[in-house]
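Letters A, B, ... are given to chains in the order of the sequence lines, protein chains preceding strands, and every chain is numbered from 1. No hydrogens, no waters, no symmetry mates; every other heavy atom, side chains included, goes into these values.
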Protein chains: 2
Amino acid sequence: MYTVKEVSKLLDLSEHTVRYYTDKGLVPNVQRDKNNNRLFDEKSVHWLTGIKNLKRCGMSVESIKTYVDLCLEGDSTVRERYEIILEQKNAALAQLEEAKLRAKFMEKKANHYLDIINQVVQDNTNPGKW
Amino acid sequence: MYTVKEVSKLLDLSEHTVRYYTDKGLVPNVQRDKNNNRLFDEKSVHWLTGIKNLKRCGMSVESIKTYVDLCLEGDSTVRERYEIILEQKNAALAQLEEAKLRAKFMEKKANHYLDIINQVVQDNTNPGKW
DNA sequence: TAACACCTTCGAGTAACACGAAGTCAATAC
DNA sequence: GTATTGACTTCGTGTTACTCGAAGGTGTTA
(Lines give C-alpha, C1' and ligand atoms only; values in the text may rest on other atoms or scores of the structure.)
Protein backbone atom coordinates (compact mmCIF):
# COMPACT_ATOMS: atom_id res chain seq x y z
CA MET A 1 0.00 0.00 0.00
CA TYR A 2 1.29 3.43 -0.96
CA THR A 3 0.65 6.89 0.41
CA VAL A 4 0.07 9.90 -1.80
CA LYS A 5 3.70 10.85 -1.50
CA GLU A 6 4.89 7.39 -2.46
CA VAL A 7 2.77 7.03 -5.60
CA SER A 8 3.57 10.56 -6.61
CA LYS A 9 7.27 9.67 -6.55
CA LEU A 10 6.68 6.32 -8.16
CA LEU A 11 4.79 7.75 -11.11
CA ASP A 12 6.46 11.15 -11.24
CA LEU A 13 3.27 13.08 -10.65
CA SER A 14 2.89 15.87 -8.11
CA GLU A 15 1.06 15.07 -4.90
CA HIS A 16 -1.47 17.71 -5.85
CA THR A 17 -2.13 15.96 -9.10
CA VAL A 18 -2.53 12.55 -7.48
CA ARG A 19 -5.08 13.94 -5.06
CA TYR A 20 -6.79 15.85 -7.85
CA TYR A 21 -7.18 12.72 -9.95
CA THR A 22 -8.46 10.60 -7.11
CA ASP A 23 -10.92 13.28 -6.02
CA LYS A 24 -12.19 13.57 -9.57
CA GLY A 25 -13.02 9.88 -9.48
CA LEU A 26 -10.39 8.78 -11.99
CA VAL A 27 -9.00 6.10 -9.71
CA PRO A 28 -11.54 3.48 -8.65
CA ASN A 29 -11.60 2.11 -5.14
CA VAL A 30 -8.98 4.19 -3.43
CA GLN A 31 -8.87 3.06 0.18
CA ARG A 32 -8.44 5.17 3.29
CA ASP A 33 -6.65 4.26 6.49
CA LYS A 34 -8.09 4.94 9.94
CA ASN A 35 -6.80 8.53 9.75
CA ASN A 36 -8.57 9.10 6.48
CA ASN A 37 -5.35 9.07 4.48
CA ARG A 38 -5.54 7.83 0.91
CA LEU A 39 -4.00 4.40 0.41
CA PHE A 40 -3.12 3.11 -3.04
CA ASP A 41 -2.68 -0.56 -3.84
CA GLU A 42 -1.13 -2.09 -6.93
CA LYS A 43 -4.37 -1.76 -8.84
CA SER A 44 -4.56 1.94 -8.04
CA VAL A 45 -1.01 2.37 -9.29
CA HIS A 46 -2.01 0.51 -12.41
CA TRP A 47 -4.96 2.81 -12.95
CA LEU A 48 -2.87 5.89 -12.33
CA THR A 49 -0.30 4.70 -14.84
CA GLY A 50 -3.00 4.38 -17.46
CA ILE A 51 -4.50 7.72 -16.53
CA LYS A 52 -1.14 9.42 -16.77
CA ASN A 53 -0.59 7.98 -20.22
CA LEU A 54 -4.03 8.93 -21.47
CA LYS A 55 -3.56 12.42 -20.04
CA ARG A 56 -0.27 12.83 -21.89
CA CYS A 57 -1.95 11.64 -25.07
CA GLY A 58 -3.98 14.80 -24.73
CA MET A 59 -7.18 13.47 -23.19
CA SER A 60 -9.02 15.74 -20.79
CA VAL A 61 -9.64 14.68 -17.22
CA GLU A 62 -13.33 14.61 -18.05
CA SER A 63 -12.86 12.24 -20.99
CA ILE A 64 -10.64 10.00 -18.94
CA LYS A 65 -13.36 9.90 -16.30
CA THR A 66 -15.80 8.75 -18.97
CA TYR A 67 -13.38 6.05 -20.06
CA VAL A 68 -12.81 4.83 -16.52
CA ASP A 69 -16.54 4.65 -15.95
CA LEU A 70 -16.87 2.57 -19.11
CA CYS A 71 -14.21 0.21 -17.76
CA LEU A 72 -16.20 -0.23 -14.57
CA GLU A 73 -19.36 -0.99 -16.50
CA GLY A 74 -17.86 -4.22 -17.73
CA ASP A 75 -17.56 -6.24 -20.91
CA SER A 76 -20.44 -4.61 -22.76
CA THR A 77 -18.35 -1.50 -23.27
CA VAL A 78 -15.26 -3.16 -24.68
CA ARG A 79 -15.77 -2.01 -28.23
CA GLU A 80 -16.48 1.55 -27.20
CA ARG A 81 -13.37 1.56 -25.04
CA TYR A 82 -11.34 0.18 -27.90
CA GLU A 83 -12.38 3.07 -30.10
CA ILE A 84 -11.19 5.51 -27.46
CA ILE A 85 -7.87 3.75 -27.00
CA LEU A 86 -7.36 3.55 -30.73
CA GLU A 87 -7.86 7.26 -31.09
CA GLN A 88 -5.46 7.99 -28.26
CA LYS A 89 -2.92 5.57 -29.65
CA ASN A 90 -2.99 7.50 -32.90
CA ALA A 91 -2.60 10.72 -30.95
CA ALA A 92 0.43 9.21 -29.23
CA LEU A 93 1.97 8.24 -32.55
CA ALA A 94 1.40 11.72 -33.94
CA GLN A 95 3.01 13.18 -30.82
CA LEU A 96 5.96 10.91 -31.27
CA GLU A 97 6.53 12.24 -34.76
CA GLU A 98 6.19 15.78 -33.52
CA ALA A 99 8.63 15.09 -30.71
CA LYS A 100 11.17 13.80 -33.21
CA LEU A 101 10.90 16.94 -35.31
CA ARG A 102 11.09 19.12 -32.25
CA ALA A 103 14.18 17.34 -30.97
CA LYS A 104 15.83 17.81 -34.34
CA PHE A 105 14.87 21.44 -34.44
CA MET A 106 16.32 22.05 -31.00
CA GLU A 107 19.51 20.20 -31.82
CA LYS A 108 20.01 22.32 -34.90
CA LYS A 109 19.37 25.42 -32.88
CA ALA A 110 21.82 24.39 -30.20
CA ASN A 111 24.46 23.58 -32.80
CA HIS A 112 23.84 26.90 -34.45
CA TYR A 113 24.64 28.63 -31.17
CA LEU A 114 27.71 26.47 -30.68
CA ASP A 115 28.95 27.56 -34.09
CA ILE A 116 28.48 31.19 -33.18
CA ILE A 117 30.20 30.77 -29.84
CA ASN A 118 33.10 28.97 -31.48
CA GLN A 119 33.34 31.72 -34.07
CA VAL A 120 32.95 29.30 -36.93
CA VAL A 121 32.56 31.36 -40.07
CA GLN A 122 29.77 29.91 -42.12
CA ASP A 123 28.53 30.47 -45.62
CA ASN A 124 25.91 33.16 -45.90
CA THR A 125 22.94 30.90 -46.39
CA ASN A 126 22.58 31.45 -42.66
CA PRO A 127 18.84 31.91 -42.16
CA GLY A 128 18.98 34.86 -39.79
CA LYS A 129 19.16 36.02 -36.25
CA TRP A 130 17.18 33.18 -34.74
CA MET B 1 2.75 38.77 -46.09
CA TYR B 2 0.35 36.60 -44.13
CA THR B 3 -2.79 37.36 -42.18
CA VAL B 4 -3.53 35.84 -38.79
CA LYS B 5 -5.63 33.18 -40.43
CA GLU B 6 -2.91 32.26 -42.89
CA VAL B 7 -0.09 31.86 -40.37
CA SER B 8 -2.38 30.02 -38.03
CA LYS B 9 -3.02 27.48 -40.77
CA LEU B 10 0.60 27.42 -41.84
CA LEU B 11 1.88 26.68 -38.34
CA ASP B 12 -1.11 24.78 -37.03
CA LEU B 13 -1.83 27.19 -34.22
CA SER B 14 -5.25 28.66 -33.46
CA GLU B 15 -5.89 32.22 -34.54
CA HIS B 16 -6.45 33.09 -30.91
CA THR B 17 -3.06 31.71 -29.99
CA VAL B 18 -1.31 33.61 -32.77
CA ARG B 19 -2.87 36.85 -31.58
CA TYR B 20 -2.10 35.98 -27.99
CA TYR B 21 1.58 35.44 -28.76
CA THR B 22 1.93 38.61 -30.78
CA ASP B 23 0.14 40.68 -28.17
CA LYS B 24 2.42 39.26 -25.47
CA GLY B 25 5.37 40.56 -27.45
CA LEU B 26 6.76 37.18 -28.45
CA VAL B 27 6.95 38.08 -32.13
CA PRO B 28 9.11 41.13 -32.87
CA ASN B 29 8.11 43.70 -35.45
CA VAL B 30 4.70 42.49 -36.45
CA GLN B 31 3.39 44.93 -39.03
CA ARG B 32 -0.13 46.24 -39.44
CA ASP B 33 -1.91 47.16 -42.64
CA LYS B 34 -3.95 50.34 -43.09
CA ASN B 35 -6.92 48.66 -41.41
CA ASN B 36 -4.85 47.74 -38.39
CA ASN B 37 -4.75 44.07 -39.30
CA ARG B 38 -1.67 42.13 -38.24
CA LEU B 39 0.62 41.25 -41.12
CA PHE B 40 3.29 38.57 -40.75
CA ASP B 41 6.33 38.35 -43.01
CA GLU B 42 8.76 35.45 -43.38
CA LYS B 43 10.70 36.57 -40.34
CA SER B 44 7.57 36.59 -38.22
CA VAL B 45 6.78 33.08 -39.37
CA HIS B 46 10.31 32.12 -38.46
CA TRP B 47 9.90 33.55 -34.99
CA LEU B 48 6.55 31.86 -34.51
CA THR B 49 8.03 28.55 -35.55
CA GLY B 50 10.72 28.90 -32.91
CA ILE B 51 8.19 30.04 -30.32
CA LYS B 52 5.97 27.09 -31.06
CA ASN B 53 8.85 24.70 -30.62
CA LEU B 54 10.04 26.28 -27.39
CA LYS B 55 6.49 26.24 -26.09
CA ARG B 56 6.14 22.54 -26.84
CA CYS B 57 9.44 21.93 -25.08
CA GLY B 58 7.59 23.09 -21.99
CA MET B 59 8.73 26.70 -21.76
CA SER B 60 6.27 29.22 -20.39
CA VAL B 61 5.19 32.18 -22.47
CA GLU B 62 6.96 34.40 -19.98
CA SER B 63 10.27 32.57 -20.35
CA ILE B 64 9.98 32.64 -24.10
CA LYS B 65 9.44 36.38 -23.89
CA THR B 66 12.65 36.67 -21.90
CA TYR B 67 14.47 34.63 -24.52
CA VAL B 68 13.12 36.71 -27.39
CA ASP B 69 14.17 39.89 -25.62
CA LEU B 70 17.66 38.44 -25.21
CA CYS B 71 17.74 37.76 -28.94
CA LEU B 72 16.87 41.36 -29.66
CA GLU B 73 19.61 42.60 -27.36
CA GLY B 74 22.21 41.25 -29.72
CA ASP B 75 25.46 39.34 -29.65
CA SER B 76 26.28 39.99 -26.01
CA THR B 77 23.57 37.56 -24.94
CA VAL B 78 24.61 34.65 -27.12
CA ARG B 79 26.00 32.55 -24.33
CA GLU B 80 22.97 33.10 -22.11
CA ARG B 81 20.68 32.19 -24.96
CA TYR B 82 22.70 29.09 -25.65
CA GLU B 83 22.19 27.91 -22.09
CA ILE B 84 18.45 28.33 -22.50
CA ILE B 85 18.39 26.47 -25.79
CA LEU B 86 20.54 23.70 -24.39
CA GLU B 87 18.15 23.18 -21.52
CA GLN B 88 15.17 23.11 -23.84
CA LYS B 89 16.94 20.76 -26.21
CA ASN B 90 17.42 18.36 -23.34
CA ALA B 91 13.78 18.76 -22.43
CA ALA B 92 12.89 17.91 -26.02
CA LEU B 93 15.03 14.79 -25.92
CA ALA B 94 13.45 13.69 -22.66
CA GLN B 95 10.02 14.26 -24.17
CA LEU B 96 10.99 12.19 -27.14
CA GLU B 97 11.86 9.26 -24.91
CA GLU B 98 8.61 9.69 -23.03
CA ALA B 99 6.68 9.84 -26.28
CA LYS B 100 8.24 6.57 -27.37
CA LEU B 101 7.25 4.84 -24.16
CA ARG B 102 3.76 6.26 -24.34
CA ALA B 103 3.31 5.15 -27.93
CA LYS B 104 4.39 1.66 -26.95
CA PHE B 105 2.06 1.65 -23.97
CA MET B 106 -0.86 2.69 -26.11
CA GLU B 107 -0.09 0.12 -28.77
CA LYS B 108 -0.03 -2.61 -26.18
CA LYS B 109 -3.30 -1.38 -24.78
CA ALA B 110 -4.91 -1.28 -28.19
CA ASN B 111 -3.66 -4.78 -28.98
CA HIS B 112 -4.98 -5.97 -25.67
CA TYR B 113 -8.42 -4.75 -26.62
CA LEU B 114 -8.13 -6.33 -30.04
CA ASP B 115 -7.36 -9.66 -28.37
CA ILE B 116 -10.42 -9.34 -26.19
CA ILE B 117 -12.64 -8.39 -29.10
CA ASN B 118 -11.33 -11.29 -31.14
CA GLN B 119 -11.94 -13.63 -28.24
CA VAL B 120 -8.34 -14.72 -28.13
CA VAL B 121 -7.98 -16.82 -25.01
CA GLN B 122 -4.78 -15.85 -23.32
CA ASP B 123 -2.71 -17.31 -20.52
CA ASN B 124 -3.66 -16.03 -17.14
CA THR B 125 -0.70 -13.72 -16.67
CA ASN B 126 -3.22 -11.15 -17.93
CA PRO B 127 -2.60 -8.16 -15.69
CA GLY B 128 -6.20 -7.24 -15.02
CA LYS B 129 -9.15 -5.26 -16.13
CA TRP B 130 -7.27 -2.34 -17.56
C1' DT C 1 -27.31 47.74 -50.69
C1' DA C 2 -26.96 43.79 -48.55
C1' DA C 3 -24.59 39.82 -47.32
C1' DC C 4 -20.37 37.65 -46.43
C1' DA C 5 -15.81 36.94 -44.84
C1' DC C 6 -12.26 38.69 -42.72
C1' DC C 7 -10.23 41.39 -39.32
C1' DT C 8 -10.15 44.18 -34.69
C1' DT C 9 -10.36 44.81 -29.25
C1' DC C 10 -11.93 43.49 -24.90
C1' DG C 11 -13.62 41.00 -21.20
C1' DA C 12 -15.14 36.85 -19.27
C1' DG C 13 -14.73 31.70 -18.89
C1' DT C 14 -12.17 27.30 -18.57
C1' DA C 15 -8.93 23.29 -17.59
C1' DA C 16 -5.70 21.50 -14.85
C1' DC C 17 -3.37 22.13 -11.77
C1' DA C 18 -0.47 24.92 -7.92
C1' DC C 19 -0.36 26.89 -3.66
C1' DG C 20 -1.23 28.04 1.07
C1' DA C 21 -3.82 28.01 5.28
C1' DA C 22 -5.52 25.55 9.08
C1' DG C 23 -5.94 21.49 11.23
C1' DT C 24 -5.32 16.14 12.51
C1' DC C 25 -2.39 12.41 13.77
C1' DA C 26 1.73 9.48 14.89
C1' DA C 27 6.50 8.96 15.66
C1' DT C 28 10.77 10.52 17.32
C1' DA C 29 13.97 14.01 20.31
C1' DC C 30 15.06 15.95 24.41
C1' DG D 1 5.83 14.45 29.04
C1' DT D 2 5.94 17.88 25.92
C1' DA D 3 7.67 19.57 21.64
C1' DT D 4 9.01 19.28 17.15
C1' DT D 5 8.80 16.98 12.79
C1' DG D 6 6.58 15.33 8.92
C1' DA D 7 2.99 13.41 6.44
C1' DC D 8 -1.58 13.61 5.74
C1' DT D 9 -6.38 16.02 5.40
C1' DT D 10 -9.92 19.65 3.35
C1' DC D 11 -10.99 23.94 1.36
C1' DG D 12 -10.54 27.91 -1.16
C1' DT D 13 -8.06 31.04 -3.98
C1' DG D 14 -4.44 31.95 -7.70
C1' DT D 15 -2.14 31.02 -12.19
C1' DT D 16 -1.16 29.84 -16.97
C1' DA D 17 -2.38 29.61 -21.43
C1' DC D 18 -5.45 29.65 -23.79
C1' DT D 19 -10.63 29.77 -25.58
C1' DC D 20 -14.80 31.87 -26.56
C1' DG D 21 -17.99 35.30 -27.74
C1' DA D 22 -19.67 39.87 -28.21
C1' DA D 23 -19.58 44.15 -30.64
C1' DG D 24 -17.90 46.42 -34.26
C1' DG D 25 -14.87 48.05 -38.40
C1' DT D 26 -13.57 47.01 -43.44
C1' DG D 27 -13.77 45.40 -48.23
C1' DT D 28 -15.24 42.37 -51.81
C1' DT D 29 -18.89 39.71 -54.18
C1' DA D 30 -24.12 39.21 -55.75
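- Heavy atoms of B:Lys24 sit nowhere under 4.0 angstrom from any nucleic acid atom.
- Of the candidates C:dC7, D:dT9, C:dT8, C:dC7 carries the atom nearest the B:Glu15 side chain, counting heavy atoms from C-beta on.
- Between A:Tyr20 and B:Val4, it is B:Val4 whose nearest contact on DNA chain C lies nearer the 5' terminus.
- When distances run from any side-chain atom of B:Arg38 to the nucleotides C:dC7, C:dT8, C:dC17, the shortest one goes to C:dT8.
- A:Met59 has its CE atom 11 Å from the P atom of C:dA16, to the nearest Å.
- Here the shortest heavy-atom pairing between A:Lys52 and A:Leu11 reads NZ-O, 2.7 Å.
- For the pair B:Asn36 CG and C:dT9 P, the computed distance is 6 Å after rounding to whole Å.
- To the nearest angstrom, P of C:dC25 lies 11 Å from CG of A:Asp33.
- The CG atom of B:Leu13 sits 14 Å away from the P atom of D:dA17 (whole-angstrom rounding).
- Here C:dT8 is the nucleotide among D:dT16, D:dC8, C:dT8 with the atom lying nearest to any side-chain atom of B:Asn37.
- For A:Lys5, the side-chain atoms get nearest to D:dA7 when compared with the rest of D:dA7, C:dA18, C:dT8.
- Put simply, NE2 on A:His16 is 12 Å from C1' on D:dG14, counting in whole angstrom units.
- Mapped onto DNA chain D by nearest heavy atom, B:Lys34 and B:Glu62 fall at different nucleotides, with B:Glu62 at the one closer to the 5' end.
- Of all nucleotides listed (D:dC8, C:dC17, C:dT9), C:dT9 comes nearest to the side chain of B:Arg19.
- By the 30° and 60° cut-offs, the orientation of the rings of A:Tyr67 relative to B:Tyr113 is perpendicular.
- Within the nucleic acid shown, B:Glu6 has no heavy atom closer than 4.0 Å to any nucleic acid atom.
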